[in-house]
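What follows is a short report on a single structure.
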Amino acid sequence: MRVSTGTLHQTTLQHLRASQARLARLQSQIASGRRIERPSDDAAGTIQGMGARGALRARAQWSSNLVLARQHAQATETSLGAAADMVAEARLLATRADASQSAEAMAALARQVDGLLAGLLDEANRAQDGARLFGGSDTRGAPVEALRDEAGRMTGVTAASRAPEGRLLRQVGEGTLLGVNTSAEEAFGPGLELLTHLIALRDALEAGDAAAAAELQPLLDRDLERVAVAQAVGGVLARRLDHLEERLAQEEMRLEAARSQFEDLDIAQAVMDYQEEQTVLEAALTLSGRLLELTLARYLQ
Amino acid sequence: MPGLTHTLDVARRALMAQQSVLSVIGHNIANANTPGYARQIAHLQAEAPQLWGGRQWGNGVTLAAITQRRTQLLDQRLRAELSGLGGWRMRATVLAGVEELLQEPSERGLGATLDAFFSAWSGLSSNPEDMALRAQVLAQSQVLAERFREMDGRMERVGREVGAQIDIELAAFNEKLAAIESVSRQIAAAEQGGGRANDLRDRRAQWLDELSEVADLQWSEGPGGAWTLRAGGRVVLDQSGARPLRRSDLNGAVSGGSLGGLLELQAEGLPALRERLDLLARDLIAQVNALHRAGPSQSDFFSGGGAGDMAVSATIAHDLTALNVSTSGLEGENDIALAIGQLRESRIIDRLGMTPGEYWSAFTGRVGTLAGEARFQAENAEWTAAAAQAARDAQQGVSLDEELAAMVSTQNAYLAAARVFDIASQMMDTLLRI
């Protein structure tokens, strides 16, 4: 076959160009550390990598939601703990009231109960970052309003929330919505009876009616039990949040590994490929130089 | 028997013939690197003999013709490959530009902006009372709308650039067409007196090669030098003259070459990609607005009907309280924010077929596939065009070694003829001294 001088040059140049292009691509990949620098490098891998990126971003947001949900749950738990302590103390004060107590002693007990009542009202209206904990999905206004007489004594309570049964739903996973709040009714009973029981206890103590105070003790036991149940439900929520957090962390690790597998470069392999390609190019340059020098013109005098 | 004068005449013809051969060799060497040049061959033949004394006496050598080895089949094969190369190379260039504007896969692309939009709503749903988070939703939504508009604008600009490039290619095509017409007429004039206008034919062939990269061409040359050049079946040049292509002639007339590639991108490729982007924006606007309208302000969240004019509605942009977080409007409720945040996982795009993220990934993958295919085909076409060029050059290209070998052979023949001339001349001197 005839080989023209132009073909010899063109073929040599084309191979050198191809080798240089491969080297340039490897160099760029090594510099960026990425196997896929543009979608056309691997369209299927790009789709998979982008899917993993999207899933990672979603999980980052759900993790953030989970942190807020945990803060809400912890605040509720703290508030319920304080309420339980106060109810337990009120129950203890109720047991101290008996007919042998003087009127002053009974009045002192009544004042203590009144103080606990004020504390419980505070807890019922407790807010976390401006959002009421026990107001259902109406988080702005106080969920419990106290009715007072002219002297400022609390004579009753009324539920003021516009959505007392509303659930505060938070997204903490793919399709996973969690209700993070405890309603006032779940914590303080129907019609906020825990507070009305304490008002009744205070009134009984003020009146020196030890029998009425004694009758309230089983009701306070039930109130205490209800608060404990609400605390237990909060504990379940906390464990669920822990479990979800762990799952999100595992998913993030898996997704990051998948993203890296699709998009990132195997640096060791790429460096070896680069060295191999460099060797090939050097050999091609050397041989091309020699080949192109081989011409009859060099030997003709 | 012929005399010494005859011998001198034979030697003179030999010297002239070898000198002609050397001239052709020199021409070949001079054009060894000239694109499109076809090696020329000087054909020598023995002069017609003379009858003397009942014998045929040779009259030496003469230059019969200077020919080229050019095969139409190889020309056509190369031009077909060049046409494919021109088309794929142009597609690869334009689609690489489209790929660039996507900025994927990364944290700078539309995929990340879409996720930031949904995350902002999801974040608001976790803390619906927080006005700062509403402002964050507004800001992310404005960024998303701006990103859609910017991307749509850039794709439109790519379309305009393709249109401008079509005009440039068309002008270059018509300019070269006029040049081919001119050189064809020169060839016809030069060959009227016999012989072949090799160098003019080379020039025309080279221009046809170059034109093939712009459009798919069919060149035919009939008996008597009648030529016809077709582009996509349409006659653009014949004996009656050139018929330059106009913009209005192009649709369907040109399918190959860079012009064909550009026309295909302008008619189908780019509008289809832009329409897909628009579909994502349209469906997203519709779904978000449908959810948002259920709230107290009853207003749309986004204005605009697609990627090109998408924006956050002026009502919300100027008054954050018009941003609906819940249907009731109670500050702790979050059903609308939650639902919009959950659109991230909902199959709401393209007739409820894909989630926004999946759709965008598929879109990016499609651009990648198209760009990768164009790049792959362009690289392949470079190799096949080079192979076709090598096949043609194997027949018509200049080999310097071959020419140098022929030059040495010619030089030897010239030296020998000169020696014959010298001896005959000495014999003539001897004779004259008697």
Side-chain angles (χ1 to χ4, degrees), chain A residues 1-11 14 18 21 34 36 38-44 46-51 53-55 57-58 60-62 64-65 68-69 129-132 135-140 162-163 166 168-171 174-175 177 181 259 262-263 294-297 300, chain B residues 32-33 39 95-96 99-100 102 104-105 107 111-112 115-116 118-119 122-123 125-130 326 328 330-335 338 341-342 344-345 357-358 360-362 364-369 371-372 375 382-383 386 389-390 393-402 404-405 408:
Chain A
M1 180 187 170
R2 277 186 85 243
V3 179
S4 72
T5 306
T7 300
L8 207 59
H9 288 161
Q10 283 305 317
T11 308
Q14 196 166 14
R34 295 173 60 188
I36 301 177
R38 49 191 172 171
S40 59
D41 288 338
D42 178 358
T46 299
I47 292 172
Q48 303 277 10
M50 285 177 69
R53 276 177 184 269
R57 291 185 205 113
Q61 181 56 44
W62 295 335
S64 172
N65 294 352
L68 289 177
D129 291 335
R132 306 287 178 170
S137 55
D138 179 8
T139 57
R140 189 54 82 187
R162 287 169 290 174
L168 299 183
L169 294 175
R170 302 291 182 257
Q171 184 170 17
E174 189 167 358
L177 296 179
N181 62 318
R259 187 208 61 74
F262 288 120
E263 292 184 358
L294 281 179
T295 166
L296 193 54
L300 293 177
Chain B
N33 291 328
R39 176 181 177 239
L95 289 169
E99 261 194 306
E100 286 296 317
L102 298 186
E104 296 285 7
E107 295 304 311
D115 279 319
F118 292 124
S119 289
S122 183
S125 76
S126 268
N127 204 348
E129 304 86 358
D130 195 335
S326 66
S328 67
L330 283 178
E331 286 192 50
E333 295 202 334
N334 62 356
D335 54 333
L338 205 55
Q342 284 184 299
R344 185 205 310 258
E345 311 143 61
E358 284 171 351
W360 177 246
S361 298
T364 306
R366 177 161 179 76
V367 171
T369 302
R375 198 170 70 205
E382 272 184 32
W383 287 102
Q389 178 79 52
D393 282 355
Q395 189 179 72
Q396 71 176 44
V398 173
S399 164
L400 285 177
D401 289 342
E402 197 175 64
L404 288 168
V408 172

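Letters A, B, ... are given to chains in the order of the sequence lines, protein chains preceding strands, and every chain is numbered from 1. Heavy-atom basis, side chains included; hydrogens, waters and symmetry copies ignored. None of the values given here were measured: they were computed from a predicted structure.
When the candidates B:Ser326, B:Ala362, B:Ala405, B:Ser122 are compared by the number of heavy-atom contacts under 4.5 Å with chain A, B:Ser122 comes out ahead. Between chain B and the options A:Leu177, A:Asp42, A:Asn181, the largest number of non-hydrogen pairs under 4.5 Å is found for A:Leu177. Contact tally against chain B (heavy-atom pairs below 4.5 Å) for A:Ala69, A:Ala58, A:Ser64, A:Ala131: the top residue is A:Ala58. With chain A as partner, the option from B:Ala390, B:Ser328, B:Ala112, B:Ala96 having the largest number of non-hydrogen pairs under 4.5 angstrom is B:Ala112.
In this structure, no portion of A:Arg259 lies under 4.5 Å from any heavy atom of chain B. Contacts between A:Gln10 and chain B at a heavy-atom distance below 4.5 Å are absent for every atom of the residue. Contacts between A:Leu68 and chain B at a heavy-atom distance below 4.5 Å involve the side chain alone, from C-beta outward. If you measure heavy-atom distances from B:Arg366 to chain A, you find no contacts under 4.5 Å at all. For a residue to count as touching a neighbouring chain, one of its non-hydrogen atoms must lie under 4.5 Å from one of that chain's; by this rule B:Gln396 touches chain A with the backbone only. Looking at B:Ala116, neither its backbone nor its side chain comes within 4.5 Å of chain A, counting heavy atoms on both sides. Proximity to chain A (any heavy atom under 4.5 Å) is restricted, for B:Glu345, to the side chain, taken from C-beta onward. Contacts between B:Glu107 and chain A at a heavy-atom distance below 4.5 Å involve backbone atoms as well as side-chain atoms.
When all heavy atoms of A:Arg38 and A:Thr46 are compared, the pair lying nearest together is O-OG1, 4.3 Å. For the residue pair A:Ile47 and B:Ser361, the shortest heavy atom distance occurs at CG1-O, 3.4 Å. Between B:Asp393 and A:Ser4, the shortest heavy-atom distance links the atoms CB-OG, 3.5 Å.
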Discussion item. Test salt bridge (Lys or Arg N to Asp or Glu O under 4.0 Å) on B:Arg375 and A:Asp41; report intermediate values, then the result.
Written reply: CA-CA 10 Å; B:Arg375 198 170 70 205; A:Asp41 288 338; 3.5 Å; yes
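Judged by distance alone, the side chain of B:Ser119 and the main-chain N or O of B:Asp115 form a donor-acceptor pair under 3.5 Å.
Of the N and O atoms on the side chains of B:Glu104 and B:Thr364, not one donor lies less than 3.5 Å from an acceptor on the other residue. Checked by atom type, the side-chain pair A:Thr139/B:Glu331 shows no donor-acceptor distance below 3.5 Å.
Between A:Glu174 and A:Trp62 the shortest side-chain heavy-atom distance falls below 4.5 Å.
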